[in-house]
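For reference, positions follow the sequence shown, starting with 1.
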Amino acid sequence: MKARKRPLIDGTVHPGFERVRDAFVENFALRGELGAACCIHVHGERVVDLWGGVRDRRSGTPWRPDTMAVIHSTTKGLAAMVMALAHSRGWLDHDERVSAYWPEFAGNGKEAITIRQLLAHQAGLHAFDEPVDRDVVADLDRLAGVMERQRPAWPPGERQAYHAITLGFYEGELIRRVDPAHRTLGRVFAEDIAAPLGLDAHIRVPDAIPDARIAPLEPPRLWRRLTGMPPRITLAALDPRSALHRALVANPGTGFYLDPARVVVRELEVPSGGGVASARALAAAYGEFATGGAALGLTPATIAALTAPATPARHGFHDECFGGPAAFSLGFMKPSVTFLFGHPGAYGAPGAGGSMGYADPRVGVGYGYVTNRMGTSLQGDPRDLALREALDGALRRRVAAGAPAPAAAATASAPPTGSGSPRRRPARAP
């Protein structure tokens with residue numbers, strides 16, 4: 001019987017973060033990882049930079065440090081960064097009505113919705129009544145008309161329902177209205193965030209990006225999809241009348257921006273789910289936010305708003321789509337009882353299938369994890385959780401030791417030795 005080839009793991013970790021490397025290796029050995037990357041910044045230092053496995057099972061091509069993956073709702077964090085930039089530049093006020101910037105939005109009972117309520121998934125605009133497909137999304141004026149005619153499901157601030165796809169489109173039209181140059185949200189991200197920080201991340205994926213740069217997603221098998229989620233979620237996803245089905249499955253659904261031939265549809269902006277990014281890009285972007293955002297011109301008022309506690313709807317944090325509690329603020333997810341990450345002031349965005357990015361200003365952390373084998377957990381993918389638990393342990397040990405300055409990084413090939421001495425050969429999952 002031919003022995004199964006073990007995936008190559010590459011990259012570096014700083015001393016004190018070796019357990020993150022161990023968890024990354026264990027993801028391949030114990031948790032079914034196919035191809036993935038994890039990158040972590042602490043106070044501006046890249047302390048973890050790991051990648052491994054294969055980008056594409058069919059070709060067997062290896063995952064590289066600059067490989068990008070479709071990150072689904074982790075894209076919402078990139079879009080929220082643009083909204084934060086707009087706030088810092090004085091383009092919008094979180095407590096102002098959306099219609100103050102977009103007068104046509106006020107129709108059909110939406111006149112009182114504030115920016116804060118919209119970005120917290122409390123506007124009742126989680127679904128579209130009119131058909132929306134790629135042609136509509138590609139025509140921003142036509143898409144704006146659909147949003148202007150949409151009637152909210154309840155009064156603003158009454159309830160919370162995850163705006164799985166719609167949120168990014170509303171954010172996008174707002175940015176077109178408030179940006180002095182009337183650029184799209186994707187262009188603002190590319191020109192004012194990705195370019196200054198040198199990020200391999202795109203909300204509007206250019207046609208020039210070769211397929212070989214992007215890892216195609218491998219969905220879970222049917223049985224895993226049926227059994228990997230709580231039964232109430234599975235039933236809600238199949239019920240055309242449910243908030244979850246209308247927000248996540250139907251019109252246009254989360255799969256309309258995927259392309260079997262080219263991984264993801266190009267030259268189309270889907271700020272709630274159609275982005276691609278490397279783990280390095282997520283960690284660098286969130287690391288900048290976690291340390292004050294000076295390179296982007298973020299103001300202390302914006303950073304304070306992002307770290308502040310989320311404001312619940314009148315019915316609390318119960319989410320009508322998920323059927324349980326979740327906390328959102330200013331376009332980001334916040335830590336909650338069902339999805340813990342970082343300290344209370346942290347903010348970020350997980351994506352369907354396992355990807356995750358977040359900033360934790362209290363400890364100066366920017367975190368990024370991307371994968372090409374989709375999981376099914378709604379409360380943090382086990383692979384992501386293992387990495388974050390190892391990170392938390394490393395941070396606790398740094399605090400206990402007086403948080404010394406990061407030392408030279410060790411290669412990922414170094415197995416745990418207790419001494420932190422690097423070994424100069426590629427590590428392989430055991």
Exercise. Measure from NZ or CZ of Lys334 to the centre of the six-membered ring of Tyr347, then state whether that distance is under 6.0 Å and the direction lies within 45° of the axis.
Key: no

Quiz item: Is it true that His72 and Tyr257 have ring centroids separated by less than 6.0 Å?
Solution: yes

Quiz prompt | Donor-acceptor pair between Arg383 and Asn27 side chains, under 3.5 angstrom | solution = no

Quiz prompt | Test: Asp259 and Arg134 ion pair at under 4.0 Å | solution = no

Quiz item: Given Thr184, which of Arg204, Arg176, Glu173, Glu269 fulfils the side-chain hydrogen bond (donor to acceptor under 3.5 Å, both in side chains) condition?
Solution: Glu269

Quiz prompt | Within-4.5 Å side-chain heavy-atom neighbours: Tyr162 and Met333 | solution = no

Practice problem: Classify the side-chain pair Thr114/Glu96 by whether it contains a donor and acceptor separated by less than 3.5 Å. | Solution: no

Quiz item: Looking at residues at least two apart in the chain, or sitting in another chain, which of them share a ring-ring contact (aromatic ring centres under 6.0 Å, His included) with Trp91?
Solution: none

Quiz item: Quick check, are the ring centers of Tyr286 and Tyr367 under 6.0 angstrom apart?
Solution: no

Quiz item: When you look at Arg46 and Ile40, which way does the side chain to side chain contact (heavy atoms under 4.5 Å, CB included) test go after all the steps?
Solution: CA-CA 6 Å; Arg46 186 190 289 174; Ile40 301 168; over 6 Å; no

Quiz item: Do Val270 and Leu268 have side-chain heavy atoms sitting under 4.5 Å apart?
Solution: yes

Quiz item: Below 4.0 angstrom, N of the basic side chain to O of the carboxylate: do Asp192 and Arg89 qualify?
Solution: yes

Quiz prompt | Centroid separation His94 to His87 less than 6.0 Å | solution = yes

Quiz prompt | All ring-ring contact (aromatic ring centres under 6.0 Å, His included) counterparts of Phe24, not counting sequence neighbours | solution = Phe28

Quiz item: Are side-chain N/O atoms of Trp154 and Glu320 paired as donor and acceptor at under 3.5 Å?
Solution: no

Quiz item: Can you name the closest pair of heavy atoms from Leu185 and Ile203 and give their distance?
Solution: CD2-CD1, 3.5 Å

Quiz item: Are a donor atom and an acceptor atom from the side chains of Ser99 and Glu111 found within less than 3.5 Å of each other?
Solution: no

